[in-house]
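Input: a single structure, listed below in structure tokens.
Note on naming: letters A, B, ... go to the chains in the order of the sequence lines (proteins, then strands), and numbering restarts at 1 for each one. These figures come from a predicted structure and were not determined experimentally.
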There are 2 protein chains.
Amino acid sequence: MKRAIAALMVMTLCGGAFARTQDEILNSAPASDWRAVDPENTLYMDLPKGRVVIELAPAFAPNHVVNVKTLTRQKYYDGLAVIRLQDNYVAQWADPESKRDVGKAQLYLPPEFARPIGDLPFTALPDVDTYAPQVGFTHGFPTARNPDLGLVWLAHCYAMVGAGRAEDANTGGGTELYAVIGHAPRHLDRNVTLFGRILQGVSLLSSLPRGTGDIGFYKTPAEYTPITSIRVAADVPDHVALEALRTDSKSFAELLDVRRSRRDEWFKEPTNRIELCNVPLPVREKK
Amino acid sequence: MKRAIAALMVMTLCGGAFARTQDEILNSAPASDWRAVDPENTLYMDLPKGRVVIELAPAFAPNHVVNVKTLTRQKYYDGLAVIRLQDNYVAQWADPESKRDVGKAQLYLPPEFARPIGDLPFTALPDVDTYAPQVGFTHGFPTARNPDLGLVWLAHCYAMVGAGRAEDANTGGGTELYAVIGHAPRHLDRNVTLFGRILQGVSLLSSLPRGTGDIGFYKTPAEYTPITSIRVAADVPDHVALEALRTDSKSFAELLDVRRSRRDEWFKEPTNRIELCNVPLPVREKK
């Protein structure tokens, strides 16, 4: 009986057709449902074991994006290190000695914690969120909104990248960066400037040994993972063209639907709900 | 002005006193706010690099707990391996060849996905949850409830441990185990039997190299991490007595409050909300 009801829902939601698998949806998505990831807004962070690819979010943190790209093009990050790995929380990389000259970049920037909703696109999720009145997607990034405040911000989901800061909100800027490698620490939303997310290679960070010092800092430089280099992808002659599924596309909506309401036989009690940070954001090499 | 309001809230919530730090709360918690973790319901999973300590949850999965302990005491798991590590999802360990005899244990058990609420204690969280009508804590475990169904179940938060299964719901039992090592996959709630959580050593699993096969399985046995042994702590002569903060204690309530509403100067926009899987469950060695 329950099975019959589930089948009925599939038919209702998908206009008469039975639900397709996630792979089927992605494989048959029309070219117009994919967007090119701009190499000018993409960073390659090369670690000894491979490449971490980061997409920048200039619509949310324009000043931080400019500053991080300036630092990158000055080769500020080359030879720095991952100095902190706190389990179920963040990986953090910076100048261990805080000595390197920022050159034409800014050492500190005012925060870009949130921005006016304005005319930014927003694909809303239908389910309630613990932390924000509205959650969804903007330009392929997980976002949260508060219409009463008129604000939208990037959400601290897995693989999001931000600029660490000290107690003063004006001490961010980009010389100290972090990526979320655990359960979404959404209490950081609107408290730190997020400016991008990892598209590929997050496991190069998430699988690093955990720091045994306070809040996951490594106790000795011997434990650091060196950063070989960070480059703007557009500056790398053999950069790989990537595409991301448009979060305002029909294919994304269908993918979201089959993730919310699992119909494959393995699931016995589909939740028919989905939490913001459990939504996959598909990325592929351009065909 | 906002600061003044925040200070007022502190005074209201804490009865006139200013909020204490999490460390202060834990360090001054009376002995009665801690409970002894029962060594008869504790497993030691020894890996080459250290020990993973798992607390079992007999109130939620009595048959799986008995079966896993039977398998453990037959040394079923000794010499098996971690065969799957999917980034931001699960670590899974089992007999790679599915050949080992289960002896007096059961190969398969009926599911224990959820149980009647009955008279089980429940410390409710005040904030909404995406997946369940009510979430909170029972016996120190993160739980979710649906009063309409009269059911309560363990929630798939970071470090929870369960019994993998095939498509048939009756193919769990305990020969194939997994731990959550990423953002909480709450869509698995009520679809797999959870029977415990890792109290110590989760990073020995979460920092393992990611499997490069389909859904994170390792492609070759050379990539496996061997399981040296699994033991019931009570059977280990030098086992370490652990205590966990009671989730129905005053100290836990205060800890929860300062996690929901951060008052230290670093936080500029405290969320005044907390999601189930972002609540720490303090554990210490018995003093």
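- For the options A:Arg273, A:Arg165, A:Arg260, heavy-atom pairs under 4.5 Å to chain B are most numerous at A:Arg165.
- Highest contact tally toward chain A, considering only B:Leu125, B:Ile274, B:Asp127, B:Val202, is held by B:Ile274 [criterion: heavy-atom pairs under 4.5 Å].
- Most heavy-atom pairs under 4.5 Å with chain A: of the set B:Pro209, B:Gly182, B:Pro185, B:Cys277, this distinction falls to B:Cys277.
- Put simply, OG1 on B:Thr171 and CH2 on A:Trp266 are 9.0 Å apart, with the number rounded to the nearest 0.5 Å.
- Taking every heavy atom of both residues into account, B:Asn278 and A:Ala184 meet most closely at ND2-O, 3.0 Å.
- By the 30° and 60° cut-offs, the orientation of the rings of A:His183 relative to B:His183 is parallel.
- When heavy atoms are compared at a cutoff of 4.5 Å, A:Ala159 does not approach chain B at all.
- Between B:Asp189 atom CG and A:Glu269 atom CD the span is 11.5 Å, to the nearest 0.5 Å.
- With rounding to the nearest 0.5 angstrom, the NZ atom of B:Lys268 is 8.5 Å from the CG atom of A:Asn191.
- When the candidates A:His187, A:Arg262, A:Arg259 are compared by the number of heavy-atom contacts under 4.5 Å with chain B, A:His187 comes out ahead.
- Looking at B:Tyr158, only its side chain comes within 4.5 Å of chain A, counting heavy atoms on both sides.
- Partners of B:Phe122 by ring-ring contact (aromatic ring centres under 6.0 Å, His included), not counting sequence neighbours: none found.
- Contacts of B:Ser207 with chain A are made by both backbone and side-chain atoms, with heavy-atom separations under 4.5 Å.
- Residue B:Leu85: no heavy atom, backbone or side chain, is found under 4.5 Å from chain A.
- Of the two parts of B:Ala114, neither the backbone nor the side chain holds a non-hydrogen atom closer than 4.5 Å to a non-hydrogen atom of chain A.
- Note that CG of B:Leu188 and OG1 of A:Thr271 are 9.5 Å apart. Values are rounded to the nearest 0.5 Å.
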